[in-house]
Amino acid sequence: MTANIIDGNAVAKEVRSRWRGRAETLAVSGIVPGLAVVLVGDDPASRVYVGRKTKACKEIGIHSEVHEFSADAPEEVVLGRIGQLNSNPSIHGILVQLPVPAHINTRRLIEAIDVRKDVDGFNLYNVGALVADSTVFPPCTPYGVLCLLEHTRVPIAGQNVVVVGASNIVGKPMAMMLMKREATVSITHIRTRDLAQYTILADILVVAAGKPNLITAPMVRTGAVVIDVGINRLEDGRLVGDVDFEGVRQKASHITPVPGGVGPMTVTMLLVNTIQAAARTCGIEFEA
Ligand code: NAD
């Protein structure tokens, strides 16, 4: 068996095109969706990510602003700006680009964001709402994975899903979202003994560990759907996921490549959450 490649760029393009139309509809009624990105310090990777987000906003019809602070900016100053953005009616989504410098309490910044504007979905209210089945904003990366599965028409209810990685931004919310869709979910992490005994049972395997070649063909069930969230830069400069792509594609039914799989979906779902946030201000809820 050779797997179908799930083309994240193609799905992202389709989703963006649908939501661009929705942003245009809102703009006609005088609401231009607005996103504010708070960037503290000069981490080069963060700058690249912020640049990608603002470019994507422009392409889809979202007004975006970057609120930059020097690496030694006091926490109170950043909190003050978040407060202003909370009460700015032209801003519908706010995100803090992570990581922030060590003297700043990340949790305090995220908790300061108005829950109706928390488009990353990291605020504790959103985390709780996800667990309690009434999410305000699904976190973008697992939301993107779900969207890829739905586009590929992969059945979820009743399937065995194994999530490798249990972080707050990917693994845990991913497991919650799939459980909500009635999958039987196992979560594994760095302390899991004999990872393969879990992964081999997966109809759907979602891998988000940040370890190149963690998942090899013998660990994967024939016909499984394999979603590789990992992004790793090798010493030779290549970008790879956590899955041995060439080996596993001989066994899986569907597989995401890296790059070009989950990556393009993460920014797409940020755009989706921002447009949805803007729509909610006038009582509209677009279908996901
Ligand atoms: P993290 O470091 O916060 O968490 C990693 C998780 O993987 C932890 O729960 C850890 O216990 C687990 N883990 C690590 N080694 C393991 C092993 N050998 N066996 C089983 N579990 C193991 O990372 P994160 O923020 O969740 O990101 C994970 C990966 O996904 C990274 O490569 C990151 O770059 C990537 N990522 C990609 C996107 C995207 O848009 N494609 C978005 C977010 C993160």
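Model, not experiment: these values are computed from the prediction. Both ligands and their constituent atoms are indexed starting at 1 by order of listing.
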Self-check item: Heavy-atom nearest option to atom 34 (O) of ligand 1, drawn from Leu98, Ile231, Thr268
Solution: Ile231
Quiz item: Who gets closest to atom 5 (C) of ligand 1 by heavy atom: Ala209, Pro212, Gly165?
Solution: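 Shortest heavy-atom distance from atom 5 (C) of ligand 1: Ala209.
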Can you tell me the protein heavy atom closest to [atom] and the distance?
atom                    : value
atom 14 (C) of ligand 1 : Lys211 NZ, 3.6 Å
atom 18 (N) of ligand 1 : Leu214 CD1, 3.5 Å
atom 35 (C) of ligand 1 : Val229 O, 3.5 Å
atom 42 (C) of ligand 1 : Thr141 OG1, 3.2 Å
atom 40 (O) of ligand 1 : Thr266 OG1, 2.7 Å
atom 29 (C) of ligand 1 : Gly210 N, 3.6 Å
atom 44 (C) of ligand 1 : Val170 CG2, 4.0 Å
atom 21 (N) of ligand 1 : His189 C, 3.1 Å

Exercise. Answer side chain, backbone, both or neither: which part of Ile190 comes under 4.0 Å from ligand 1, heavy atoms only.
Key: both
Can you find an N or O of [X] that's nearer than 3.5 Å to an N or O of ligand 1?
X      : value
Ala166 : yes
Ile169 : no
Val164 : no
Ser167 : yes
Thr188 : no

If two hydrophobic side chains count as joined below 4.5 Å and joins carry through other members, does [X] share a cluster with [Y]?
X      : Y      : value
Val15  : Val262 : yes
Val206 : Ile255 : no
Leu85  : Leu98  : yes

Exercise. To the nearest 0.5 angstrom, please state how far the CZ atom of Phe69 sits from the NE2 atom of His67.
Key: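 It is 7.5 Å, given to the nearest 0.5 Å.
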Quiz item: Can you tell me how far CE of Met179 sits from CD1 of Ile156, rounded to the nearest 0.5 angstrom?
Solution: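 The CE atom of Met179 is 13.5 Å from CD1 of Ile156, to the nearest 0.5 Å.
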Quiz prompt | Arg221 to Tyr198 six-membered ring, cation-pi geometry met (6.0 Å, 45°) | solution = no
Exercise. Test the Arg16-Trp19 pair against the cation-pi criterion, namely NZ or CZ under 6.0 angstrom from the six-membered ring centroid and within 45° of the ring axis.
Key: no
Quiz item: Is a side-chain donor-acceptor pair under 3.5 Å present for Glu14 with His151?
Solution: yes
Quiz item: In terms of side-chain heavy atoms, does Thr141 have a donor or acceptor partner in Thr266 at a distance below 3.5 Å?
Solution: yes
Quiz item: Does Gly263 have a non-hydrogen atom less than 4.0 Å from ligand 1?
Solution: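 Yes, Gly263 has heavy atoms under 4.0 Å from ligand 1.
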Quiz item: Any donor and acceptor pair, going by atom type alone, linking the side chain of Asp118 with main-chain N or O of Tyr125 inside 3.5 Å?
Solution: no
Practice problem: Check ligand 1 against Ala208 and write out every atom of the ligand that is under 4.0 Å from a heavy-atom position of the residue. | Solution: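 This gives 5 (C), 6 (C), 7 (O), 28 (C) as the contact atoms.
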Practice problem: May I ask you to test the Val164-Asp242 pair for a side-chain heavy-atom distance under 4.5 Å? | Solution: no
Self-check item: atom 2 (O) of ligand 1 protein-contacted (non-hydrogen atom, under 4.0 angstrom)
Solution: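 When distances to the protein are checked, atom 2 (O) of ligand 1 has no heavy atom within 4.0 Å.
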Quiz prompt | For Asp114, all residues meeting side-chain hydrogen bond (donor to acceptor under 3.5 Å, both in side chains), sequence neighbours excluded | solution = Arg116
